[in-house]
Peer 1: 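Supplied in structure tokens, the structure appears directly below.
Keep in mind that the numbers below use all heavy atoms, side chains included, and drop hydrogens, waters and symmetry copies.
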Amino acid sequence: MRETLEVWGQTVRSLAPILGRAVASGQLWRPRCELVEPDPDVSSEYGVEIPARDGYVMTANIFRSRSATERGEPVPVIMCAHPYDNRLTPDQGRTPLGGPPQQYRLISQAGRPRFSTLTSWESPDPDFWVRAGYAVVNLNLPGYGGSDGPPSVFQRSQLRGYHDAIEWVAQQPWCTGRVGLNGVSFLAISQYGVAAGHGSGGEAPAGLAAISPWEGLTDPYRDIFCPGGLPESGFPSFWWSTEVKLALTGEESDFLDQEGCRPPAYATEHPLVDAWWLEKTQDLSQIKVPMLVCASFSDHNLHTVGSFRAFREVGSEHKWLYTHRGGKWDVYYDREVQEFTRCFMDQFVKEDPQANFLEEPTVRLEVRASRDAVYEVRGETHWPPPGTEPEVWSLGPDGQLSDPSPASESELRMDARKGELRFTRTFSAAREITGPMALELSLSLEDGASPPPDVGIFVYVFKRDASGEIVYFRGSVGSTRDPVARGYARAALRKLDEERSSALSPVLVAEEFEPVSPGERVYLPVTIWESSTFFEAGSSLEMQVATYESVASPPYRKDASFNRGQVVLHLGGTRGSTLRVPSRGGVRA
């Protein structure tokens, strides 16, 4: 009962700003999207039963071309799988007021995504794909939306069901035997796991030809539930209460039997990387099928870091990266993006020799100057772009980011409960900063630090224009006032994973707590997540180092309630605090 009340309270705190914004904008009554009727050629089958090896039955919606069916012509398949109940579509009359899925009434959109009435939340539009010569299969994962089986999130048992469903689809007479996966968020996450063979002893389904995960995390602990070691309570409560719990086929107790706790308690029940988390983490190196991954700069706190990790680590010979900083669903359903994805699927799923997708640049890079101003879109061959090297700036006592490091050592102090320090660098010439950044803080704790001594650190990078005004960008869950980038870290989890880290992307082991002795000087690495931003001459990069969540980003809420006492930042000398930023070809300003 107590846990239920805590989850309810967290949900209210997380949802209130989003709901208030939806009411004020009128979006709650006039959702920002456009529904269209599907082509009459699209046939719809709902609740199709698909057997799993473990003895239960899953349900799927299957959309096919009537004319192709009449001709007896098999077609390739675009498929997705999720826990969100595929019956919640406008054409089934189970969405609020007969309109789009409820999220379009709550979450701000940059524009007006356009999709057919057959489309469930974050899934491929059957109308588009059937017109393009495919069938579409929209699967409810085990335990959700009418599917039987054990309900879980990110577990191998869930992926076994997905694996079996792909193989079943590939064997149907109306399918060519080739399946491509597509979808947003959880519909992207599930692609990684099944493509890596986590559903069947390391083997991907025989019919799986390609994947296109559109913004999906790959390491639940580090990406969302405990980034930098700081427990996240807001989004898990919002997600569980408004999406996952409502879609359970059975009872909440069925979920607890599998998971042991609800998502809002994941980080408190499992504060360290343990076997429980590792079972939920994707082994990306095992993915061998072609991949087109979307990694946006507008989904910090959720999918950004995991999507870029996927591009770096997958074992596919053929892989492409699409970046943007727009609205997640605006971009996914954009006609140009759908055609781009279709071309990828035509190349590897339809095996169309005319597709020519192999000629596309490996990386589609979008560089933004502000929330609505795209500075440049260009092709690159790698991520980060070739020639990217770390440029090291030192944090100075005057609040400047400078090079070289001040020769003499100094200190700055801030309250561990609600302190913040700002450091600035003004550019004399225009420059672009593309890639992750890495902060190393030399710090110590004094004056009543929490027992055991520890501190959570929040880092935000802003752009200020020549007049000193903050330039905002689009962020996660409809935010329109996002900084350039952010990062989090916890002093007691400062141990570096040397094998997985790079100069611009430190990765923390997070397997055991190492308290900081009072007065002990330690070095805390902080990854500042990926971004791509153009800074005009006269503009500035400002970094805020804080001991609390000074930049609100509902529904996200990080817990640093253990912070106590004073934090001392050590500056200058041979090992002061430094910020590493990506620099290309020696361009500095």
Side-chain angles (χ1 to χ4, degrees), residues 219 221-232 273 297 300-302 304-306 308-309 384 390-396 399 401 405 412 414 416 419-425 433 435-445 453-462 482-498 500-510 513-514 516 521-531 533 541-551 553 556 558-560 562-563 567-571 575-582:
D219 183 333
Y221 178 91
R222 293 182 174 88
D223 295 354
I224 175 62
F225 289 98
C226 223
L230 294 179
E232 165 66 45
V273 175
F297 304 116
H300 286 187
N301 278 319
L302 188 53
T304 292
V305 65
F308 281 103
R309 183 189 298 112
E391 179 179 345
V392 182
W393 300 342
S394 293
L395 281 62
L401 294 165
S405 173
L412 289 175
M414 58 179 170
E420 59 183 72
L421 296 168
R422 295 175 184 265
F423 302 89
T424 303
R425 187 175 181 105
I433 294 180
M437 294 175 252
L439 175 65
E440 184 180 65
L441 292 176
S442 176
L443 61 81
S444 57
L445 305 178
D454 191 7
V455 67
I457 295 293
F458 300 76
V459 179
Y460 305 96
V461 172
F462 296 92
D482 218 41
V484 169
R486 70 190 74 213
Y488 309 98
R490 184 171 182 172
L493 294 177
R494 63 190 176 276
K495 184 178 180 181
L496 201 62
D497 186 328
E498 300 287 353
R500 298 178 64 190
S501 296
S502 67
L504 288 168
S505 295
V507 178
L508 305 181
V509 175
F513 289 113
E514 299 179 83
V516 182
R521 184 165 168 173
V522 300
Y523 297 94
L524 178 61
V526 187
T527 294
I528 301 172
W529 294 332
E530 286 86 348
S531 60
T533 309
L541 180 149
E542 179 182 277
M543 180 180 67
Q544 181 186 118
V545 180
T547 55
Y548 69 107
E549 204 159 20
S550 61
V551 179
S553 182
Y556 304 100
K558 307 292 184 295
D559 180 16
F562 50 84
N563 285 7
V567 179
V568 182
L569 289 192
H570 300 276
L571 314 173
R575 192 80 190 275
S577 299
T578 59
L579 174 66
R580 297 185 180 192
V581 298

Peer 1: Which residue is it: Leu496, Val273, Asp497? I am looking for the one with a side chain to side chain contact (heavy atoms under 4.5 Å, CB included) to Leu508.
Peer 2: Leu496
Peer 1: Find out whether Ile528 and Val581 are in side-chain contact, i.e. whether some heavy atom of one side chain is under 4.5 Å from a heavy atom of the other.
Peer 2: no
Peer 1: Under 4.5 Å between any side-chain heavy atoms of Ser442 and Arg575, yes or no?
Peer 2: no
Peer 1: Any chance you could measure Phe513, atom CZ, to Leu493, atom CG, to the nearest 0.5 Å?
Peer 2: 5.0 Å
Peer 1: Using modelled atom types and a 3.5 Å cut-off, is there a donor and acceptor pairing between side-chain atoms of Ser577 and backbone atoms of His570?
Peer 2: yes
Peer 1: Measuring only between side-chain heavy atoms, which start at C-beta, is Leu412 closer than 4.5 Å to Leu571?
Peer 2: yes
Peer 1: Within a strict 4.5 Å, meaning less than it, do heavy atoms of the Arg425 and Leu579 side chains meet?
Peer 2: no
Peer 1: Would you verify whether the NZ or CZ of Lys558 falls within 45 degrees of the ring axis of Tyr488 while also being under 6.0 Å from that six-membered ring's centre?
Peer 2: yes
Peer 1: Between atom OG of Ser531 and atom CZ of Arg486, what is the distance when rounded to the nearest 0.5 Å?
Peer 2: 11.0 Å
Peer 1: Using the ring of each side chain (for Trp, its six-membered ring), is Tyr460 parallel, tilted or perpendicular to Phe458, with breaks at 30° and 60°?
Peer 2: parallel
Peer 1: Flag the pair Val461 / Met437 as yes when at least one side-chain heavy-atom distance between them is below 4.5 Å, and no otherwise.
Peer 2: yes
Peer 1: To the nearest 0.5 Å, how far apart are CD in Glu391 and CG in Leu401?
Peer 2: 10.5 Å
Peer 1: With side-chain contact (heavy atoms from CB on, under 4.5 Å) as the test, would you mind laying out the steps for Tyr556 and Glu232 before giving the verdict?
Peer 2: CA-CA 7 Å; Tyr556 304 100; Glu232 165 66 45; 3.8 Å; yes
Peer 1: In this structure, which one of Asp219, Thr304, Asp223 forms a side-chain hydrogen bond (donor to acceptor under 3.5 Å, both in side chains) with Arg309?
Peer 2: Asp223
Peer 1: If you compare all heavy atoms of Pro453 against all heavy atoms of Leu445, which two are closest, and at what distance to 0.1 Å?
Peer 2: C-CD1, 4.0 Å
Peer 1: Start with the C-alpha gap between Val545 and Leu439, add the side-chain angles, then the distance that decides, and say whether side-chain contact (heavy atoms from CB on, under 4.5 Å) holds.
Peer 2: CA-CA 10 Å; Val545 180; Leu439 175 65; 4.2 Å; yes
Peer 1: State, yes or no, whether a side-chain contact exists between Phe297 and Val484 at a heavy-atom distance under 4.5 Å.
Peer 2: no
Peer 1: For Leu524 and Ala491, which heavy atoms make the closest approach, and how far apart are they?
Peer 2: CD1-CA, 3.9 Å
Peer 1: Is there a side-chain contact between Leu230 and Glu549, using heavy atoms and a 4.5 Å cut-off?
Peer 2: no
Peer 1: Has His300 got a side-chain atom pairing as donor or acceptor with Val305's backbone, closer than 3.5 angstrom?
Peer 2: no
Peer 1: Output yes when a side-chain donor or acceptor of Thr533 lies under 3.5 Å from a complementary backbone atom of Ile433, and no otherwise.
Peer 2: no
Peer 1: Looking only at non-hydrogen atoms, find the nearest pair between Asn301 and Ser553 and report the distance.
Peer 2: ND2-OG, 3.8 Å
Peer 1: Testing the basics here: between Ser505 and Pro436, what is the closest heavy-atom pair and its distance to 0.1 Å?
Peer 2: OG-CG, 3.3 Å
Peer 1: Over all heavy atoms of both residues, which pair between Arg580 and Val392 is shortest? Give the atoms and the distance, please.
Peer 2: CG-CG2, 4.0 Å
Peer 1: Closer than 3.5 angstrom, by distance alone: can the side chain of Asp454 be matched with the main-chain N or O of Ala492 as a donor-acceptor pair?
Peer 2: yes
Peer 1: Quick one: are Pro227 and Trp529 in side-chain contact, heavy atoms under 4.5 Å?
Peer 2: yes
Peer 1: At their closest point, which heavy atom of Arg490 faces which heavy atom of Gly229, and how far apart are they?
Peer 2: NH1-O, 3.3 Å
Peer 1: Would you compute the distance between atom CD of Gln544 and atom CZ of Phe423 and round it to the nearest 0.5 angstrom?
Peer 2: 10.5 Å
